There are 2 protein chains.
Amino acid sequence: MIGDPGGGFVSPTFDQVIRIGRPVTPENGGERKPVRIEEVARIAGVSPITVSRALHQPGRVSEEKRLKVQQAVEVTGYASNPHARALRSGRSNIVAAFVSNIVSQQFGLAVQGCAEVLEPRGFQLMIGQTSYSYARETSMIQSLLALRPAAVLFTGVVELEENRSFLRELGVPVIETWAFPPDPIDMLVGFSNTDGGRMVAQHFAAQGYRRVAFIGRSGGRGLLRLAGFRDGVRSAGLKLVAELSLDTVSGLSDGQRALNQLLDSHEKIDAVFCANDLIAMGALLEASRRGLNMPGDIAIAGFGDSDLAAEIPPGLTTIRMDCRQIGRRAGEMLLARLNGETDGSSSETVALELVKRGST
Amino acid sequence: MIGDPGGGFVSPTFDQVIRIGRPVTPENGGERKPVRIEEVARIAGVSPITVSRALHQPGRVSEEKRLKVQQAVEVTGYASNPHARALRSGRSNIVAAFVSNIVSQQFGLAVQGCAEVLEPRGFQLMIGQTSYSYARETSMIQSLLALRPAAVLFTGVVELEENRSFLRELGVPVIETWAFPPDPIDMLVGFSNTDGGRMVAQHFAAQGYRRVAFIGRSGGRGLLRLAGFRDGVRSAGLKLVAELSLDTVSGLSDGQRALNQLLDSHEKIDAVFCANDLIAMGALLEASRRGLNMPGDIAIAGFGDSDLAAEIPPGLTTIRMDCRQIGRRAGEMLLARLNGETDGSSSETVALELVKRGST
DNA sequence: TTGTACGCGTTATCAG
DNA sequence: CTGATAACGCGTACAA
C-alpha cells in the first residue's frame, strides 16, 4: 500500500446499524439533520478524534471509552460522512468495478460475488460499464477514479496499454479477472480455458466416446478451449474427426447449421464439443430435429453453463466456471491487500467444473 | 428541489476530457498529484471561485474569463474532486440505483438505459443490490444514502413503508419503476401488465383463434396480465376455455406440465397465453414433443421477450417491455428534475410491444 | 492513550 | 460579474 506508512489500510467496519440522522419525531419537526462526529463525542464525553479512532482503529482506544462511544453512536444513529472521510484521507470506501456489459449474466455474477465480500466490510461497489469500447473504458476509468476508490476491479482484462500503465501508477490495488494476461497490472483471478477443453476430452473418453469433433469460433477463448481439447484428445487416445471453425456466432442457428455441416460431411461422430453453450444448444436442437437420440446417437458438450443449459432437453453437459466465486476471491484478495495482510501482486486460478447432464 | 432556492440543481457538465492529474513525464518523476482548482485559477488569472462557476454555472461568468478558465482546465487536465464538492455542497454527483438482482437481464437493461442518459451529464450510477430482502434493502438504502446522492432510482417499487417514508423525507428526487404502486414515493416509470394481457387477446383474435386458455402464476404480475387478457377476450368475443394457475414457476418443466394438463383436460384449444416466457417456452417445447404444429395445431404466446424467445423454434410470440427505455425515461425524468425543469411528482407509462413470431 | 491544531478541495455567502 | 472569507466533516500530525 502506498501512502500509508502506518501499516496498511484500515478498513471501515461499522457494526452498528448505519442510519443517517436521528429518527424524525414530532419534536424535531421533520428536520433530518445528519449527526456529526462532534455530537457523538459530546454525548460520549470524549473528543471527536477519539470517536473516529474508536470506530476505525478500535485497538488504539481504551475499552472504556470505546464502549461509551459505541453507545453514543447507537443513540444518535451516527454514520460518518464518506465524502469528508475521503477528502481528508485521500481514499474513499468505494471500490470501482468495471464490466464490459452489465447485462451479461456472467459478469453480473462476478460483481455480485465481489459485492458479497466487500459490502459487509463497509465498501461500496461502484459499477461502470465499458461497453466493449476503449473510449468508454478510458473515460469511465477517469471519472470513477476521481472518486479515489480504495481498489479497482475489472471483470476482464484491461487491454489498452495506456490504461494499464495509468492504473499501475495509481497506487491503488487493482484486480483483473477472467483471463491470464502475460503482464497483469497487479492482482489476478482467472480460470483456464485450456483446462476446460481438456476436461471435456477426458469426459468424452470416460464415457466411452471415441470419434469426437469440435465446433467453435475461430478466435479468442475458443482457440484456447480447442487447444486444451486437442491435448486431452491426444492424451486419451481419441480420434479428432473434425474441427469446424465459425467466424461469428450470433444465435442458435449458427450451432444448428454447424452440426448439420459436420454430420453431413463426416461419418459416425460419437461426440461433439462446442466451444460455447450457444453453439451447443443450437447443435442440441438440431440433433433433436434430426431425430437423433442423445447421447446414444450423438453426445454434445458446451462451455459456460449458461442459464438454459440445464433446462433445454435432455440437459446440456457443459463446463461451469463459477463466476460468483471469481468475484468472491477477487473481493477477498482485495480485502487482504487493503488490510495490509498481503503484499505484491498475486494471481489465482478458480477451478472449472464439468457438469454432466443428459446430452452426454 | 430542496435546499436550493437559487433555481434548481446545476448538473455538472464536463465537456473537457476528464483526467486526474497531469500526464506523468520524466520531469515530475512519476508523481501524479491531482490538479487543484487553485492552480487552474492561477493559470487562468482568476480566483478559484470563478473557475468553479465557469465550470458549473457558465452563465454567471463573462465569456472572456470563461474561455481563459477553459484553456487552463485543458492545459492542466483539471477535474474537480467530487468528494470536496459533495462535502461542501451537501450533494454528490452520484445517483443511487437499487436493483433486487444485478444478474437479472431486465433490471440490467434498465440500469444500462439510465446510465446511458445520466453519465454524459456527469453523474455516476452507484448500484446496490437488495437481493429481494427487506433487511438488505434497508441497509443498502442507509449506506448508499450516506453518499448524499443527487437522486435515487429503484428498478421496482419500494415495499417497506418505513423506507418509503424515509425516502420521501430525504428531499432527493426518487424514481420508482416497473409497477404502479397506489402511492408513489415521488416519480414513476412503469408499464401496464394489464395492457399486455389485453394485447395478447387482441392478437389472438386478429389471428383468428377462438378458443383460448391462460397459464400463469397465482399471484402478483400474473394476475394483472390475466385481468387484461380476460378483458381483451371479452371485448373480442373469444371463448376463454381454461385458466390454469401455478403456485411456483422455477423451470421449463412447469410450463411443460401445465400444457399437458391443459391439453389433456380440455378439447380443442386454439391458443394459450402464458403469463411469462419461461412458462411459454416450457409449453412450446412440450407442444413440439407432442408432435403438435405451431401455430396450426396450437398457438402459444408469452410475456417478457426473454433472451431465448426469439431463438427457440419456431420463435415465441411475446410481449416485449422495453426495459432499457424504462431506464432511459427514468434518467431523463431525473435530469429534468435535477435541472429544475419539472416540479412535483410525475408518472409515466412506457408502451409495450407485441412481438409476433412463429408460435402464433 | 488522549487531545489540539490544522488542512483536505471545494462552494455558499455576502460584500464589492 | 467578481472576489474574499468561512465552512462543509473528518482525519493526520504532533504534542501532551
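Proteins get letters first, then strands, A, B, ... in listed order; numbering begins at 1 in each. Predicted model, so just to flag it, every value in this text is computed and none were measured.
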Under 4.5 Å between any side-chain heavy atoms of A/Leu67 and A/Gln70, yes or no?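 Yes; the side chains approach each other to less than 4.5 Å.
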Quick one: are A/Phe98 and A/Glu137 in side-chain contact, heavy atoms under 4.5 Å?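 A side-chain contact is absent here, since even the closest heavy-atom pair is not under 4.5 Å.
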Write down the distance between [atom1] ([X]) and [atom2] ([N]), rounded to a whole number of angstrom.
X        : N      : atom1 : atom2 : value
A/Arg53  : D/dG9  : CZ    : P     : 21 Å
B/Leu55  : C/dT11 : CG    : P     : 8 Å
B/Glu38  : D/dA4  : CD    : P     : 12 Å
B/His83  : C/dG9  : NE2   : P     : 12 Å
A/Leu147 : C/dG9  : CG    : P     : 15 Å
B/Arg85  : D/dC10 : CZ    : P     : 20 Å
A/Ile49  : C/dG3  : CD1   : P     : 10 Å

For A/His83 and B/His83, take the angle between the two ring planes, folded into 0 to 90°, and tell me which bin it lands in: parallel under 30, tilted 30 to 60, perpendicular over 60.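 The arrangement is tilted - the two ring planes meet at 30° to 60°.
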Gap between atom CG of B/Asp186 and atom OG of B/Ser347 - 0.5 Å precision: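 Those atoms lie 11.0 Å apart.
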Measuring from the side chain of [X] (C-beta onward, heavy atoms only), which nucleotide among [options] has the closest atom?
X       : options               : value
A/Lys65 : C/dT11, C/dT2, D/dC10 : C/dT2
B/Ser62 : D/dG3, C/dG3, D/dT2   : D/dT2
B/Tyr78 : C/dG3, C/dT10, D/dG3  : C/dT10

Under 3.5 Å, which protein N or O atoms sit close to an N or O of nucleotides 6-8 of chain C? Give each pair with its distance.
residue : atom : partner : partner atom : Å
C/dG7   : N3   : A/Arg88 : NH1          : 3.0

What contact category does A/Ile37 fall into here, base, sugar-phosphate, or nothing, at under 4.0 angstrom with non-hydrogen atoms?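 The residue A/Ile37 makes sugar-phosphate contact but no base contact.
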Would the distance check show the side chain of [X] and the main-chain N or O of [Y] forming a donor-acceptor pair, the cut-off being under 3.5 Å?
X        : Y        : result
B/Thr177 : B/Leu188 : no
A/Arg148 : A/Ala146 : yes
A/Thr76  : A/Val40  : no

So, A/Glu39 and A/Arg36, do they make that salt bridge, N to O below 4.0 Å?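 No, no charged N to carboxylate O under 4.0 Å.
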Do the side chains of B/Arg329 and B/Glu332 get close enough for a salt bridge, i.e. N-O under 4.0 angstrom?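 Salt bridge flag = yes for B/Glu332 with B/Arg329.
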N/O (side chain, A/Ser52) to phosphate O (OP1/OP2, D/dG11) under 4.0 Å: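 So the side chain of A/Ser52 is within the cut-off, an N or O lying under 4.0 Å from OP1 or OP2 of D/dG11.
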Give me the bend of the helix from C/dT1-D/dA16 to C/dG16-D/dC1, using the axes of the five pairs at each end, rounded to 10°.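 Helix axis angle between the two ends: 30°.
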